[in-house]
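Please find one structure pasted underneath; my questions will follow.
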Amino acid sequence: MRVLIGGGSGFVGRELTRQLKSKGHDVTIISRQPGPGRITWADVESGGLPPCEGAVNLAGENIMNPLRWWNDSYKKDLFSSRVDTTRTLAQAIAASSSPPQSWVLITGVACYKPSLQSQYTEDSEWTPFDLLSQLVKQWEEAGQLPHSLAQSTRQVVIRPGAVLGRDGGAMKQMLTPFWLGLGGPLGSGRQPFPWIHVSDLAGIILHALETSSSPPSTQPEVFNGVAPALNTNYEFTKELGRILRRPTLFPVPGFLMDALLGSERAVILTQGQKVVPKRTLESGFQFRYPDLTSALREIVGG
């Protein structure tokens with residue numbers, strides 16, 4: 001299978017590429033810079049979609065980039081890097097004389113309203129309620145294919161939580177304070193913490209590419225890309241501290257997170273949603289890291 005990956009040079013893209021190649025698939029990456037096995041977004045816009053059986057979009061500016069201040073310019077980049085690249089790929093698929101069999105878009109769980117009580121599955125209805133949920137709405141709408149094409153190209157949307165792994169994602173910035181013994185719960189610590197190991201997220205994408213839906217649906221099939229364990233931020237903090245053999249005595253107040261990150265971005269860490277991968281499990285996907293202990297041991301050892 002030939003697979004085209006938008007944003008394939010990033011954290012999740014590297015793991016997805018590794019898994020695809022290990023199963024004998026061919027990978028072409030779309031990135032801002034040309035190179036071996038790569039094309040640029042400008043190439044797609046001018047030359048159309050290269051021949052492929054699967055297309056995936058992982059592109060997007062890092063929302064937790066510590067070097068970017070939360071301002072209008074950054075918010076614009078967050079939207080354009082996701083919505084515009086998704087629209088470019090969807091339009092290229094629609095214009096192709098031989099469109100791919102599968103089109104997989106990775107968005108996020110920010111569409112679900114933070115709550116200590118509510119539990120969300122892929123069937124949960126939602127409407128935008130803040131900036132990030134509005135982003136998910138525009139993002140997913142940009143990926144929708146014309147009704148006629150949706151009969152032949154399977155549309156899949158995967159909504160991941162915090163992606164955990166050794167080489168990037170949420171763990172990259174967390175580990176230093178924990179190693180120094182300065183780690184602690186964020187805000188109250190009671191907020192749900194939906195998460196997934198990067199290997200499992202790549203595995204869900206691969207599973208979606210290799211399986212087919214019957215009968216074909218004109219609407220995207222949604223899969224929650226989260227581990228089946230339902231954890232709070234406090235539980236995550238204590239388990240990471242236990243595996244690292246470091247104390248977790250220093251809670252970070254919510255107002256400090258708001259000041260450092262901007263309140264619209266801080267909600268990702270200080271609030272959360274109980275998200276269940278109901279359809280993901282029903283599809284037959286088997287998680288390698290279904291619980292925090294197994295995931296964190298793989299990432300940091302212990």
Side-chain angles (χ1 to χ4, degrees), residues 1-20 25-34 37-63 76-96 99-111 132 134-146 149-150 153-161 163 168-169 196 198 201-211 219-225 280:
M1 177 169 55
R2 294 166 296 182
V3 181
L4 185 67
I5 308 176
S9 58
F11 173 49
V12 178
R14 293 193 300 272
E15 175 62 17
L16 176 59
T17 297
R18 186 193 68 77
Q19 291 192 24
L20 283 164
H25 301 303
D26 293 325
V27 176
T28 299
I29 289 170
I30 314 172
S31 68
R32 284 171 285 193
Q33 301 298 327
R38 297 185 181 199
I39 60 174
T40 67
W41 289 101
D43 292 334
V44 177
E45 289 174 350
S46 61
L49 196 76
C52 61
E53 286 71 52
V56 179
N57 196 25
L58 290 162
E61 169 79 25
N62 177 9
I63 198 166
K76 184 179 178 183
D77 287 348
L78 289 176
F79 273 72
S80 64
S81 63
R82 289 164 170 78
V83 177
D84 293 352
T85 58
T86 297
R87 185 176 293 114
T88 294
L89 263 177
Q91 289 175 347
I93 291 169
S96 174
Q101 297 160 7
S102 301
W103 159 224
V104 183
L105 175 62
I106 289 75
T107 61
V109 295
C111 57
L132 297 180
Q134 184 63 44
L135 170 57
V136 175
K137 182 175 188 291
Q138 292 185 26
W139 200 355
E140 294 186 359
E141 285 178 347
Q144 289 229 348
L145 299 178
L149 182 57
T153 296
R154 182 190 186 201
Q155 302 181 87
V156 174
V157 169
I158 299 171
R159 297 174 181 156
V163 185
I196 188 168
V198 65
L201 177 54
I204 294 170
I205 299 169
L206 180 58
H207 185 68
L209 288 168
E210 291 184 330
T211 56
Q219 292 299 311
E221 296 173 69
V222 176
F223 296 94
N224 285 333
T280 307

Exercise. Check the pair Ile106 / Val12 against side chain to side chain contact (heavy atoms under 4.5 Å, CB included), numbers first and verdict last.
Key: CA-CA 10 Å; Ile106 289 75; Val12 178; over 6 Å; no
Quiz item: Between Phe223 and Thr280, which heavy-atom pair has the shortest distance, and what is it?
Solution: CB-OG1, 3.5 Å
Quiz item: Residues in salt bridge (Lys or Arg N to Asp or Glu O under 4.0 Å) with Arg32, at least two apart?
Solution: none
Quiz item: Ignoring hydrogens and geometry, is there a side-chain-to-backbone donor-acceptor pair from Ser102 to Gly54 under 3.5 Å?
Solution: no
Quiz item: Taking only residues two or more places apart in sequence or in another chain, which ones pass side chain to side chain donor-acceptor pair (under 3.5 Å) with Glu15?
Solution: Arg18, Gln19, Ser199
Quiz item: Between Thr17 and Gly8, what is the shortest heavy-atom contact and its length?
Solution: OG1-O, 4.1 Å
Quiz item: What is the distance from atom CG of Leu209 to atom CE of Met1, rounded to the nearest 0.5 Å?
Solution: 5.0 Å
Quiz item: In Å, rounded to the nearest 0.5 Å, how long is the span from CG of Asp26 to CG of Leu4?
Solution: 12.0 Å
Quiz item: Do you know which two heavy atoms are closest between Val136 and Ala110, and how far apart they sit?
Solution: CG2-CB, 4.2 Å
Exercise. Please confirm whether the backbone N or O of Leu105 pairs with a side-chain atom of Trp139, one donor and one acceptor, at under 3.5 Å?
Key: no
Quiz item: Taking C-beta and beyond as the side chain, do Thr107 and Thr86 meet within less than 4.5 Å on heavy atoms?
Solution: no
Quiz item: Of all heavy-atom pairs between Pro99 and Leu149, which one has the smallest distance, and what is that distance?
Solution: CG-CD1, 3.5 Å
Self-check item: Gap between atom CZ of Arg87 and atom CD of Gln138 - 0.5 Å precision
Solution: 8.0 Å
Quiz item: For the atom pair CD1 (Ile158) and CD1 (Ile205), what is the distance rounded to the nearest 0.5 Å?
Solution: 5.0 Å
Quiz item: Do you know the tightest heavy-atom contact between Val56 and Leu89?
Solution: O-CD1, 3.9 Å
Quiz item: Within the distance-only criterion (no hydrogens, no angle test), does the side chain of Arg154 pair as donor or acceptor with the backbone N or O of Ala208 below 3.5 angstrom?
Solution: yes
Quiz prompt | Straight-line distance of Ile39 CD1 to Leu49 CG, nearest 0.5 Å | solution = 7.5 Å
Quiz item: Under 3.5 Å, side chain of Arg14 to main-chain N/O of Ser9, donor-acceptor pair present?
Solution: yes
Quiz item: Hey, which of Ile63, Asn62, Val83 is the one that makes side-chain contact (heavy atoms from CB on, under 4.5 Å) with Leu78?
Solution: Ile63
Practice problem: Indicate yes or no for a side-chain donor-acceptor contact from Thr88 to the backbone of Asp84 under 3.5 Å, with no hydrogens or angles considered. | Solution: yes
Quiz item: What's the shortest heavy-atom distance between Ala59 and Trp41, and which atoms?
Solution: CB-CZ2, 3.9 Å
Self-check item: From Asn57 atom CG to Ile30 atom CD1, the distance as rounded to the nearest 0.5 Å
Solution: 7.0 Å
Quiz item: So, the side chain of Thr85 versus the backbone of Arg82: is there a donor-acceptor pair under 3.5 Å, distance only?
Solution: yes
Practice problem: Please examine the side chains of Gln144 and Pro220, heavy atoms only from C-beta on, and report whether any two atoms are closer than 4.5 Å. | Solution: yes
Quiz item: Applying salt bridge (charged side-chain N to carboxylate O under 4.0 Å, His left out), which residue pairs with at least one partner in residues 37-56 are found, sequence neighbours left out?
Solution: Arg2-Glu53
Quiz prompt | Greater than 12 external heavy atoms within 6.0 Å of Glu210's CD | solution = yes
Self-check item: Side chains of Gln155 and Ile93 in contact at under 4.5 Å (non-hydrogen atoms)
Solution: no
